[in-house]
Amino acid sequence: MPAARESLLDAAYAALARRPWSAVRMVDVAAAAGVSRQTLYNEFGSKDGLARALVRREADGYLAGVDRALTGHSDLRDRLTATAEWITSAARENALVRAMLTGCWSERLPSPALSAVSSTSAVPAQRRADGPLPSPGDFVALVRDRAVTVLAGPGTPKSDTADLARSCELAVRLALSCVAAPPGEGGVADLVHSILQREVG
């Protein structure tokens, strides 16, 4: 991603931390990024385009964190526990991630339509951002499928992964429930470990 585009997204994210999206001004985002307002419009087309690109970037960052969690341990339960912990911490620390995972967009946040919007952008990254955005259900499926791919290994027949897919989806949905209602002592790790102990032995 070009440096100017990344700087503009950083500036938009920082502005959103200070004020509602409706009060974020394009001229202020451009100034904070150290570029002209025309550069901002060339990259994103509009404030809605900026919002879609920001949401897409945060979604990509969330999924990259899922990938790191899935590869950070050798034991299946530890990998799914780390993934569940990432889901809850990412949602706790990032209001956009929380909104994407739950579908609860507050009036402070941009709330771009999940469906694709027509795009005439010459910027490939913006054309991607203008495509469909994942729904909460899409995120469950994306994380489940990534987990199954990593945990089952290459070449495993799909028919052999049904139980694994169920365990992965259970861990993801349990983590999402902890986003809505944070667990007490022991946190999400104890919950996931105890459920997976019954599921995978």
Side-chain angles (χ1 to χ4, degrees), residues 1-72 82-83 85-143 146 175-176 178-180 182:
M1 187 175 290
R5 186 177 178 85
E6 193 64 28
S7 295
L8 285 162
L9 291 171
D10 288 343
Y13 186 84
L16 183 59
R18 294 188 301 273
R19 62 184 72 94
W21 184 251
S22 60
V24 172
R25 299 184 328 146
M26 296 287 270
V27 65
D28 296 334
V29 171
V35 301
S36 69
R37 189 168 55 169
Q38 187 60 50
T39 298
L40 189 154
Y41 280 99
N42 289 346
E43 281 292 327
F44 303 104
S46 65
K47 189 174 179 183
D48 286 341
L50 176 61
R52 290 183 71 83
L54 183 60
V55 169
R56 173 66 70 185
R57 183 184 74 163
E58 299 309 305
D60 289 346
Y62 164 75
L63 292 172
V66 166
D67 291 340
R68 287 190 301 274
L70 285 168
T71 57
T83 302
E85 288 179 314
W86 165 252
I87 291 168
T88 56
S89 69
R92 183 174 51 247
E93 296 165 10
N94 187 319
L96 286 173
V97 169
R98 185 170 48 255
M100 285 185 277
L101 297 181
T102 63
C104 298
W105 294 85
S106 79
E107 58 192 35
R108 286 191 51 84
L109 301 175
S111 55
L114 296 177
S115 58
V117 297
S118 59
S119 181
T120 58
S121 178
V123 180
Q126 189 57 38
R127 287 197 305 271
R128 181 171 179 264
D130 289 341
L133 297 171
S135 69
D138 293 335
F139 277 112
V140 170
L142 284 166
V143 175
R146 284 171 186 242
L176 290 174
C178 292
V179 169

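Looking at every heavy atom in both residues, S121 comes nearest to R127 through O-NH1, 3.0 Å. For the pair A113 and L133, the tightest heavy-atom approach, listed with the atom from each and the gap, is O-CD1, 3.8 Å. Taking both residues in full, the closest heavy atoms of S135 and L114 are given as CB-CD1, 3.6 Å, listed atom of the first, atom of the second, then distance. Minimum heavy-atom separation, P112 to V55: CG-CG2, 3.8 Å. Nearest heavy-atom pair, R52 versus D130, reported as atom, atom and distance to 0.1 Å: NH2-O, 3.4 Å.
N94 places none of its side-chain heavy atoms less than 4.5 Å from the side chain of Y62. L101 places none of its side-chain heavy atoms less than 4.5 Å from the side chain of V140. In this structure, F44 and V29 have side chains that are not in contact, with every pair of non-hydrogen atoms separated by 4.5 Å or more. Considering only heavy atoms from C-beta on, Y13 stays 4.5 Å or farther from L8 through its side chain. Contact annotation: the side chain of S7 never approaches that of V35 to less than 4.5 Å [non-hydrogen atoms, C-beta and beyond]. Contact annotation: the side chain of D48 never approaches that of P110 to less than 4.5 Å [non-hydrogen atoms, C-beta and beyond]. Two residues are said to be in side-chain contact when any heavy atoms from C-beta on lie closer than 4.5 Å; L16 and L109 meet this criterion. W86 places none of its side-chain heavy atoms less than 4.5 Å from the side chain of L70.
Interatomic distance, CD of E6 versus CG of D10, reported as 5.0 Å (0.5 Å rounding). Atom CZ of R98 is separated from atom OG1 of T88 by 12.0 Å, given to the nearest 0.5 angstrom. Annotation: the span from E58 atom CD to L63 atom CG amounts to 11.5 Å, rounded to 0.5 Å.
Just one of M100, R128, Q126 meets the side-chain contact (heavy atoms from CB on, under 4.5 Å) condition when paired with R56; it is R128.
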Give the C-alpha distance, both sets of side-chain angles, the deciding distance and a yes or no for side chain to side chain contact (heavy atoms under 4.5 Å, CB included) between R5 and V123.
CA-CA 10 Å; R5 186 177 178 85; V123 180; 3.8 Å; yes
Would you check, one step at a time, whether the test side chain to side chain contact (heavy atoms under 4.5 Å, CB included) holds for V97 with I87?
CA-CA 9 Å; V97 169; I87 291 168; over 6 Å; no
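Residue E107 qualifies as open at atom CD: its count of foreign heavy atoms under 6.0 Å is 12 or below.
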